[in-house]
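Report on the structure given below.
In what follows, residues are counted from 1 in the order of the sequence shown.
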Amino acid sequence: MAEKLGSKVRTRSTATEVVVKPRDKQRKLLEKEIAHHAQVLLDKKLHLNTLTDIAVLPPELLAEIFMWYIELELGARVASAPFHPPMPYCWLKIAHICHHWREVALRTPSLWRNITFRSYRDCARVQEMIKRSKNAELVLRVDSRARFTEGIKEVLSQMHRAVELHLYGSADVMVASEELNVKEAPRLVALSFAHISDGDLPQLFTDCDMPNLRELTLQRCRIDPAHGVFSRPLEKLVLRQNVSIGILTALKTLQTLNHLELVGTFTLLDPTTVALPQVTAAQRIALPNLSFLRLSGRLIQIAHLWNILVLPSSTVIEFESYPTRETEYNAVAPIIASRMNDHINGAHKTIISTLACWFDNDSNREEGSYGPGSNCLAIDLHTETLPIETLGLRKTRPHLRIAIPPPGPSLLPTRIIDALLPNLPLGNVESVFLGDMPLANSAKSSWTKLLEGMPKLTTLRAAGRPADDLYKLLKSRVEDRTAPKKTRRKMQWLMPRLQTLLVEDGLVNVTEPAPPGMRTDHLESFIKILQSRAKSGSGLRHLGLTRCYNLNDEIVESMRSQLNLDELEWDGFVQSWFEDENSDEEDDMGLFGPGWFPFFGPFDSDSDDF
């Protein structure tokens with residue numbers, strides 16, 4: 001019985017094998033065909049990609065585009081947070097677009113040069129980046145969040161290839177740098193170090209030979225002027241920390257400096273000092289090659305340092321003060337005005353062609369800039385005529401910027417302007433921007449006097465408060481200083497050559513209900529003034545209205561029909577100013593700045609008073 005049953009099982013097993021084997025063969029054939037078709041499809045897709053416009057670019061040019069993209073992508077992130085840039089590897093997505101791009105990326109070692117270590121999770125990535133970069137020069141960055149000594153050592157072991165090194169001095173970084181004991185960094189050009197708290201420079205700065213070091217940035221570090229790092233021919237020095245009197249000793253040896261930024265708490269003078277001391281010839285420090293200077297700190301301290309420095313007239317200067325007392329401002333303002341005048345009227349007279357006076361009330365500033373949340377009056381003097389819309393921005397770099405928070409409500413911005421600008425040579429100014437300036441009844445003399453000294457002015461952009469009082473400036477008449485002395489009493493329009501007027505964030509039209517003391521014929525008076533100027537040869541050619549309240553299509557068309565302009569541009573903004581004032585939403589127009597309420601004085605068509 002068992003033999004018969006075994007025989008049947010073997011028979012069925014054999015039959016099954018006979019059936020299964022052909023199926024396996026068929027499956028293998030089908031899998032082979034699928035793989036073949038998949039390869040054919042992949043080849044077709046690769047060929048299809050070669051027919052796109054960008055595919056005709058040579059790999060070398062495509063790699064160059066990738067480099068520009070990486071620099072652009074990383075530049076903004078590093079600028080916002082130098083020691084902990086967000087998403088430092090976001091650019092890797094270019095290697096996942098298509099096969100061709102990935103091949104180009106992998107064949108270009110310089111694309112993998114930017115290496116940032118943040119935590120132990122980055123260890124494998126850092127090793128792969130080092131491998132792919134081959135012998136390319138590296139930009140190394142140890143993030144402020146880095147807490148893994150072995151990973152930090154992996155980065156610092158490549159200092160012989162680094163052209164830039166940016167370190168945040170956490171305890172792990174200090175330990176790793178001492179244990180690794182790097183002796184040479186022959187290619188290193190730029191070095192940045194931020195101490196976790198005020199402390200000494202790491203031993204790395206002393207033991208490592210950096211013959212090509214030209215740029216040094218230090219944050220929260222104690223400075224010894226005799227330290228060897230200051231004996232190198234530095235071209236750029238940035239200090240964001242306590243700036244003591246020792247910096248003066250260091251600057252005397254840094255005659256090669258091209259770029260100098262000092263931001264923080266200055267202790268050059270006794271903290272109780274309220275008047276600037278006299279500076280002797282022996283105390284002065286000449287920096288003949290300096291092209292950019294930024295000083296940001298307490299007003300009297302940075303004014304004293306500026307008074308010590310002897311600079312070329314071509315040096316771009318940014319002078320940014322923290323909030324200060326009015327007594328301190330009164331003591332320092334004449335010195336600042338004198339230095340401004342000396343800087344512009346130096347051996348090579350600087351021609352100022354663009355002026356911007358604006359109120360910077362942005363509270364999200366970089367560390368050490370102006371002071372947190374302070375409203376700062378910025379005065380920008382440019383030596384070139386820039387696009388008018390670029391003025392009033394922190395990223396715009398003028399030839400000279402003076403930024404001072406008005407010290408208390410008793411000192412209006414116009415008093416700062418009266419103290420600093422009247423003696424400057426502004427006769428060649430062609431463009432002016434007035435932005436977010438709180439004005440008062442007494443402001444007329446300041447603005448009239450300022451604009452009267454600009455006979456070549458052709459473009460005016462007014463934003464916020466100046467826009468509300470703009471028609472009063474437009475209707476002002478002043479003495480014609482260009483006329484012969486015998487006819488000097490002849491009167492002319494203020495800004496007689498004005499051709500382009502841009503109005504932003506202001507009231508061109510006043511509707512019911514009007515604020516107390518303001519008539520509702522504001523728009524009508526504005527149009528009449530422009531018509532009167534046109535009749536006497538001082539008419540506008542271009543008028544721009546941006547985010548102006550109480551306008552609509554009908555009103556703008558009426559303006560077009562009444563004014564003989566080459567161009568009237570309106571952005572289509574339709575909103576009542578009174579609705580906006582009564583809304584619960586935060587005012588994002590930046591019209592007046594916190595703590596300021598708009599002043600609307602009565603308008604008298606026969607009076608020049610504000």
Side-chain angles (χ1 to χ4, degrees), residues 388 431-435 437 439 443-444 447-448 451 457-478 491-580 589 591 598-610:
I388 195 72
S431 300
V432 168
F433 168 57
L434 303 178
M437 290 283 190
L439 302 181
K444 177 199 169 179
W447 296 111
T448 303
L451 296 172
L457 181 64
T458 60
T459 302
L460 174 64
R461 174 182 162 216
R465 291 303 310 281
D468 302 337
D469 294 307
L470 179 61
Y471 67 97
K472 299 176 185 178
L473 292 176
L474 291 172
K475 71 184 291 294
S476 298
R477 291 179 178 271
V478 296
M491 303 299 286
Q492 66 175 4
W493 292 106
L494 183 66
M495 305 176 288
R497 298 186 184 182
L498 188 66
Q499 296 184 353
T500 299
L501 175 62
L502 306 177
V503 184
E504 299 176 8
D505 303 327
L507 284 167
V508 175
N509 182 35
V510 178
T511 58
E512 296 286 1
M518 176 170 272
R519 289 161 38 179
T520 56
D521 60 354
H522 188 119
L523 177 62
E524 181 182 344
S525 301
F526 183 73
I527 293 175
K528 285 183 178 179
I529 292 169
L530 295 183
Q531 290 174 334
S532 298
R533 292 177 65 98
K535 287 180 181 179
S536 59
S538 296
L540 295 178
R541 297 181 60 186
H542 306 280
L543 175 62
L545 304 173
T546 302
R547 297 187 303 278
C548 290
Y549 293 84
N550 303 335
L551 294 180
N552 55 41
D553 289 323
E554 183 180 350
I555 293 174
V556 173
E557 285 304 318
S558 175
M559 293 179 67
R560 281 198 178 98
S561 63
Q562 296 181 68
L563 298 174
N564 185 23
L565 301 172
D566 292 349
E567 185 178 34
L568 193 159
E569 289 186 279
W570 176 52
D571 64 347
F573 180 80
V574 178
Q575 187 170 345
S576 168
W577 182 83
F578 307 104
E579 291 177 4
D580 185 68
M589 289 298 177
L591 296 182
F599 165 80
F600 298 99
F603 174 68
D604 182 355
S605 59
D606 298 323
S607 172
D608 284 340
D609 294 333
F610 276 65

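Atom CD in Glu504 sits 12.0 Å away from atom CZ in Phe573 (nearest 0.5 Å). In this structure, OG in Ser431 is found 7.0 Å from CG in Leu457, a value given to the nearest 0.5 Å. Note that the CD atom of Gln492 and the OG atom of Ser538 stand 7.0 Å from one another [nearest 0.5 Å]. Atom CG of Asp505 sits about 6.5 Å away from atom OH of Tyr549, to the nearest 0.5 Å.
Closest of all the heavy-atom pairs between Leu474 and Arg533 is O-NH1, 2.9 Å. Contact detail for Cys548 and Val503: the closest heavy-atom pair is SG-O, 3.5 Å.
When side chains are defined from C-beta on, Leu563 does not count as touching Leu540, because their heavy atoms never get closer than 4.5 Å. Residues Thr448 and Leu473 are in side-chain contact: their nearest non-hydrogen atoms beyond the backbone lie under 4.5 Å apart. Within the 4.5 Å cutoff, the side chain of Val574 has no heavy atoms near those of the Asp553 side chain.
Applying the side chain to side chain contact (heavy atoms under 4.5 Å, CB included) rule to Gln562 yields the partners Ile527, Gln531, Ser558; only residues at least two apart in sequence or on another chain are considered. Under the side chain to side chain contact (heavy atoms under 4.5 Å, CB included) criterion, Asn552 pairs with Glu554, Ile555, not counting sequence neighbours. For the side chain to side chain contact (heavy atoms under 4.5 Å, CB included) test, residues two or more places apart in sequence or in another chain that qualify with Asp566 are Arg541, His542. Checked against salt bridge (charged side-chain N to carboxylate O under 4.0 Å, His left out), Glu569 has no partners two or more places apart in sequence or in another chain. With sequence neighbours excluded, the residues forming a side chain to side chain donor-acceptor pair (under 3.5 Å) with Ser536 are Trp493, listed by chain and number.
Judged by a 6.0 Å distance limit and a 45° cone about the ring axis, Arg461 is positioned over the six-membered ring of Phe433.
Other residues, nucleotides and ligands place no more than 12 heavy atoms under 6.0 Å from the CG atom of Asn564.
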Do any side-chain atoms of residues 494-502 form donor-acceptor pairs under 3.5 angstrom with protein atoms, and if so which ones, sequence neighbours left out?
none

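The backbone N or O of Arg547 lies less than 3.5 Å from a partner atom in the side chain of Asp571, making a donor-acceptor pair.
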